Asker: 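Take this structure, written in structure tokens, and hold onto it; I'll ask about it next.
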Amino acid sequence: MSEPTNQKILHEGKAKVAFYTDDPNQVLLYYKDDATAFNGKKKGTIEGKGYYNNAITEILFKLLEEKGVPTQFISRPAEREMIVHFLNMIPLEVVVRNVAAGSISRRLGIPEGTVLKHPTLEFFYKDDDLDDPMVNEYHIHNLMDISDADLKTIGDMTLKVNEIVRPYLLERGIKLIDFKLEFGYDKDGKILLGDELSPDSCRFWDAKTDEKMDKDRFRRDMGRVEEFYAEVLKRLQA
Ligand code: TMP
């Protein structure tokens, strides 16, 4: 599967390329097999990742739409392609954690696997040069123009996504440990969920064995990465 070559690139990120379409309000996202970690310091390829992440995002975004969370999803015309609403992205990564893992374990010394007392919301400022630092509401207002109301909206939407996706995955044998979302404004100024919801942007553990089924397998050189991305999609399609 090759990238669309006849369209102009709007933006190229680490995992996806955004292309202009004939409609100024729509963008074509091309999901790559390229994998990076630690802000691009580790690079590799996860065979089939573009397809798995695109298909998994489609399933979860459709579920969220049904449950009242507006997303940028329009259609998935090809295995690695998604048509989405054009968004002016808010440069924040909004994370919710149910179980400690990754940076919260390093930062606060909470052992990986500890169930948190309450789903825990965190914001990170999207800036590669700064290594995406964690920020609070006060920092955010100094970094960008966003109203208190909009900031509360994206925090509340992220907690709502957790309430919808966590039980949905558990029924399919997957624990939602944590995940990261990104939001943007559409042409009418409405906040929509953007980016992706996939094993690249979530931690998924097998509900029975706690086996990792996400990008930590790549970050930590655990092997069998493709196998587990495929397994996540299989369980969502079952
Ligand atoms: P963290 O434990 O490294 O802070 O990651 C929290 C969640 O956010 C985890 O599900 C992985 C996801 N994530 C991204 O999607 N992109 C990133 O750049 C980082 C650092 C984490």
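Quick note: residue numbers are just sequence positions, from 1. Only a predicted model underlies this, so the values are computations on that prediction, with no experimental measurement involved. Numbering of ligands and ligand atoms starts at 1, following listing order.
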Asker: Please determine if D156 and K152 form a salt bridge, counting it only when a charged side-chain N lies under 4.0 Å from a carboxylate O.
Answerer: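 Yes.
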
Asker: Do any nitrogen or oxygen atoms of R107 come within less than 3.5 Å of a nitrogen or oxygen of ligand 1?
Answerer: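 No, there is no polar N/O contact under 3.5 Å.
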
Asker: Check whether any side-chain heavy atom of I164 sits under 4.5 Å from a side-chain heavy atom of L64, and report yes or no.
Answerer: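 Yes, close enough: below the 4.5 Å cut-off.
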
Asker: Does atom 20 (C) of ligand 1 have any protein heavy atom closer than 4.0 Å?
Answerer: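 When distances to the protein are checked, atom 20 (C) of ligand 1 has no heavy atom within 4.0 Å.
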
Asker: Under 4.0 Å from a heavy atom of F179: which atoms of ligand 1 are those, numbered in the order shown and with their elements?
Answerer: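 Answer for ligand 1: 10 (O).
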
Asker: Please classify the R97 to ligand 1 contact at 4.0 Å (heavy-atom distances, strictly less than): side chain, backbone, both or neither.
Answerer: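 R97 to ligand 1: side-chain contact only, backbone stays beyond 4.0 Å.
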
Asker: Nearest protein heavy atom to atom 8 (O) of ligand 1, by residue and atom, and its distance?
Answerer: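 Protein heavy atom with the smallest distance to atom 8 (O) of ligand 1: K180 CB, 3.4 Å.
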
Asker: Is it true that a side-chain atom of E226 and a backbone atom of E47 form a donor plus acceptor pair closer than 3.5 Å?
Answerer: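 Such a contact is found between E226 side chain and E47 backbone.
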
Asker: Run the numbers for me: atoms of ligand 1, each under 4.0 Å from some heavy atom of G102, listed by number.
Answerer: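 In order of number, 2 (O).
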
Asker: Near A101, which atoms of ligand 1 are under 4.0 Å from a heavy atom of that residue?
Answerer: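 The list of qualifying atoms is 2 (O).
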
Asker: Taking NZ, NE, NH1 and NH2 as the nitrogens, is one of them in D34 or K16 under 4.0 Å from a carboxylate oxygen of the other?
Answerer: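 So D34 does not pair with K16 through a salt bridge.
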
Asker: With heavy atoms under 4.0 Å as the rule, classify the contact between D200 and ligand 1 as side chain, backbone, both or neither.
Answerer: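 Within the 4.0 Å criterion, D200 contacts ligand 1 through backbone atoms alone.
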
Asker: Which of the listed options, R203, R219, E182, holds the heavy atom that is closest to atom 3 (O) of ligand 1?
Answerer: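 Considering heavy atoms of R203, R219, E182, the nearest to atom 3 (O) of ligand 1 sits in R203.
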
Asker: Any side-chain heavy-atom pair from L28 and V84 closer than 4.5 angstrom?
Answerer: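 Of all side-chain heavy-atom pairs linking V84 with L28, none is under 4.5 Å.
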
Asker: Considering both backbone and side-chain atoms of R106, is one of its nitrogen or oxygen atoms within less than 3.5 Å of a nitrogen or oxygen in ligand 1?
Answerer: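 Such a contact does not occur with ligand 1.
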
Asker: Could you tell me whether R235 and E171 make a salt bridge, using a distance below 4.0 angstrom between a side-chain N and a carboxylate O?
Answerer: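 A salt bridge is absent here (no side-chain N lies under 4.0 Å from a carboxylate O).
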
Asker: Please determine whether any non-hydrogen atom of E93 lies less than 4.0 Å from an atom of ligand 1.
Answerer: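 Yes; E93 lies near enough to ligand 1 that a heavy-atom distance drops under 4.0 Å.
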
Asker: Using side-chain hydrogen bond (donor to acceptor under 3.5 Å, both in side chains), reason through Y51 and D33 one step at a time and then give a plain yes or no.
Answerer: CA-CA 8 Å; Y51 163 59; D33 286 352; over 6 Å; no

Asker: Do NZ/NE/NH1/NH2 and the carboxylate oxygens of K180 and D132 come within less than 4.0 Å?
Answerer: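 No.
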
Asker: Using a 3.5 Å cut-off on N or O atoms only, is D178 in polar contact with ligand 1?
Answerer: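 Yes, since at least one N or O of D178 sits under 3.5 Å from an N or O of ligand 1.
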
Asker: Please find the pair of heavy atoms, one from A100 and one from L116, that lie closest to each other, and give the distance.
Answerer: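 Reported closest heavy-atom pair: N-CG, 4.0 Å.
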
Asker: Nearest protein heavy atom to atom 4 (O) of ligand 1, by residue and atom, and its distance?
Answerer: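 Going atom by atom, the protein heavy atom closest to atom 4 (O) of ligand 1 ends up being S103 OG, 2.6 Å.
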
Asker: Using a 4.0 Å heavy-atom threshold (strictly under), name the region of C202 that reaches ligand 1: side chain, backbone, both or neither.
Answerer: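 Looking at C202 and ligand 1, just backbone atoms fall under 4.0 Å.
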
